[in-house]
Amino acid sequence: QVQLVESGGGLVQAGGSLRLSCAASGGTFSNRAMGWFRQAPGKEREFVAAISWSGGSTAYADSVKGRFTISRDNGKKIVYLQMNSLKPEDTAVYSCAARTARAVSTSFNEYGYWGQGAQVTVSS
């Protein structure tokens, strides 16, 4: 059983930056791919970014490519999402998720463990 806890959310002005962290406990972290998803009010959950077990492979949604960077520290059991050049449309609850497989996936159905989410609000 893997527990995930996000931190680092908050309120930021457009153009600003935030870094989200997702700390894992229980189970094995280093052999799992990790992902970030977000859900804005009234919208469906959408894929943001994912990283393979080793960090050697990443994937990004087109809407965040070039602005967001996902990374991981297997020794600390933490996955990060660095968010730069934030836009009001990035406002959402951001959740991290863990797979039981090593490869990246953009589908939320393939992630079995989820954190509680962190609110990110970008003001214009």
Side-chain angles (χ1 to χ4, degrees):
Q1 190 79 5
V2 177
Q3 292 82 43
L4 303 172
V5 179
E6 300 94 338
S7 61
L11 173 65
V12 64
Q13 289 188 332
S17 299
L18 282 175
R19 188 177 78 161
L20 299 179
S21 299
C22 174
S25 62
T28 303
F29 177 79
S30 61
N31 64 353
R32 299 179 185 276
M34 300 293 294
W36 286 97
F37 293 78
R38 66 186 182 186
Q39 187 166 20
K43 295 187 176 181
E44 293 186 351
R45 178 169 41 187
E46 65 173 348
F47 168 76
V48 177
I51 188 167
S52 65
W53 69 284
S54 65
S57 178
T58 57
Y60 295 93
D62 287 343
S63 59
V64 307
K65 203 171 291 184
R67 299 188 298 123
F68 290 11
T69 302
I70 189 171
S71 61
R72 65 189 297 160
D73 185 330
N74 284 345
K76 295 181 178 178
K77 294 188 175 182
I78 297 178
V79 62
Y80 302 99
L81 185 67
Q82 177 66 44
M83 304 183 293
N84 298 330
S85 302
L86 282 161
K87 305 175 181 179
E89 51 264 44
D90 293 318
T91 295
V93 174
Y94 285 71
S95 299
C96 71
R99 293 193 71 194
T100 55
R102 296 186 173 192
V104 299
S105 172
T106 63
S107 174
F108 72 86
N109 286 325
E110 297 192 3
Y111 290 81
Y113 302 95
W114 292 83
Q116 83 287 351
Q119 177 69 48
V120 171
T121 303
V122 185
S123 63
S124 57

Q.
Taking V5's backbone N and O only, do any of them form a donor-acceptor pair with Q116's side chain (distance below 3.5 Å, no angle check)?
A.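 Answer holds: no.
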Q. In the hydrophobic clustering (ILVMFWY, side-chain contacts below 4.5 Å, transitive), which residues join W53, or is it alone?
A.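 Besides W53, the cluster holds no residue at all.
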Q.
As an exercise, state the distance from OG1 of T58 to NZ of K65, rounded to the nearest 0.5 Å.
A.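 Atom-to-atom, T58:OG1 and K65:NZ are 9.5 Å apart.
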I need the minimum non-hydrogen distance between [X] and [Y], along with the two atoms involved.
X: E6; Y: A118; value: CB-CB, 4.0 Å
X: A49; Y: Y60; value: CB-CD2, 3.7 Å
X: G26; Y: V2; value: O-CG2, 3.8 Å
X: V79; Y: M34; value: CG1-CE, 4.0 Å

Q: State, with a plain yes or no, whether a side-chain heavy atom of N74 is found less than 4.5 Å away from one of F29.
A: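 Side-chain contact under 4.5 Å: yes.
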Q | Selection residues 103-124 - residue pairs positive for ring pair (Phe, Tyr, Trp, His ring centres under 6.0 Å), sequence neighbours left out | A |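 Qualifying pairs: F37-Y111, F37-W114.
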Partners passing side-chain hydrogen bond (donor to acceptor under 3.5 Å, both in side chains) against [X] (at least two apart in sequence or in another chain):
X: Q119; result: T121
X: R32; result: none
X: N109; result: none

Q) In chain order, what residues pass the ring pair (Phe, Tyr, Trp, His ring centres under 6.0 Å) check against F68, with sequence neighbours excluded? A)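 Scan of F68 (ring pair (Phe, Tyr, Trp, His ring centres under 6.0 Å), adjacent residues dropped) gives none.
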For residues 88-104, dump all side-chain donor-acceptor pairs below 3.5 Å to protein atoms at least two apart in sequence or in another chain.
from, atom 1, to, atom 2, distance (Å)
D90, OD1, R38, NH1, 2.9
D90, OD1, R67, NH2, 3.0
D90, OD2, R67, NH1, 2.7
D90, OD2, R67, NH2, 3.4
D90, OD2, K87, N, 2.8
T91, OG1, P88, O, 2.9
T91, OG1, V122, N, 2.9
T91, OG1, V122, O, 3.4
Y94, OH, R38, NH1, 2.8
Y94, OH, D90, O, 2.6
R99, NE, E110, O, 3.3
R99, NH1, A103, O, 2.7
R99, NH2, E110, OE1, 3.0

Q | Results of side-chain contact (heavy atoms from CB on, under 4.5 Å) for S54 - residues two or more places apart only | A |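 Listed in chain order: S52.
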Under 3.5 Å, side-chain donor or acceptor atoms of residues 15-22 against the rest of the protein: list the pairs with distances, not counting sequence neighbours.
from, atom 1, to, atom 2, distance (Å)
S17, OG, N84, OD1, 2.9

Q. In terms of hydrophobic clusters joined by side-chain contacts under 4.5 Å, are L4 and V120 together?
A.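 Result: yes, single cluster for both.
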**Q.** Co-membership, hydrophobic cluster, residues L86 and W36, 4.5 Å side-chain
**A.**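 Yes, it is one cluster - the side chains of L86 and W36 are joined through contacts under 4.5 Å.
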Q. Going by the disulfide bond (SG atoms under 2.5 Å apart) test, which pairs reach into residues 26-68, not counting sequence neighbours?
A.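 As it turns out, there is no disulfide bond (SG atoms under 2.5 Å apart) pair with a partner in residues 26-68 once direct neighbours are skipped.
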Q: For K43, check salt bridge (Lys or Arg N to Asp or Glu O under 4.0 Å) against everything at least two apart and list the hits.
A: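 If we apply the salt bridge (Lys or Arg N to Asp or Glu O under 4.0 Å) test to K43, skipping adjacent residues, there are no hits.
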**Q.** Pairs satisfying salt bridge (charged side-chain N to carboxylate O under 4.0 Å, His left out), at least one member in residues 49-61, at least two apart
**A.**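 Salt bridge (charged side-chain N to carboxylate O under 4.0 Å, His left out) check on residues 49-61 returns no pairs.
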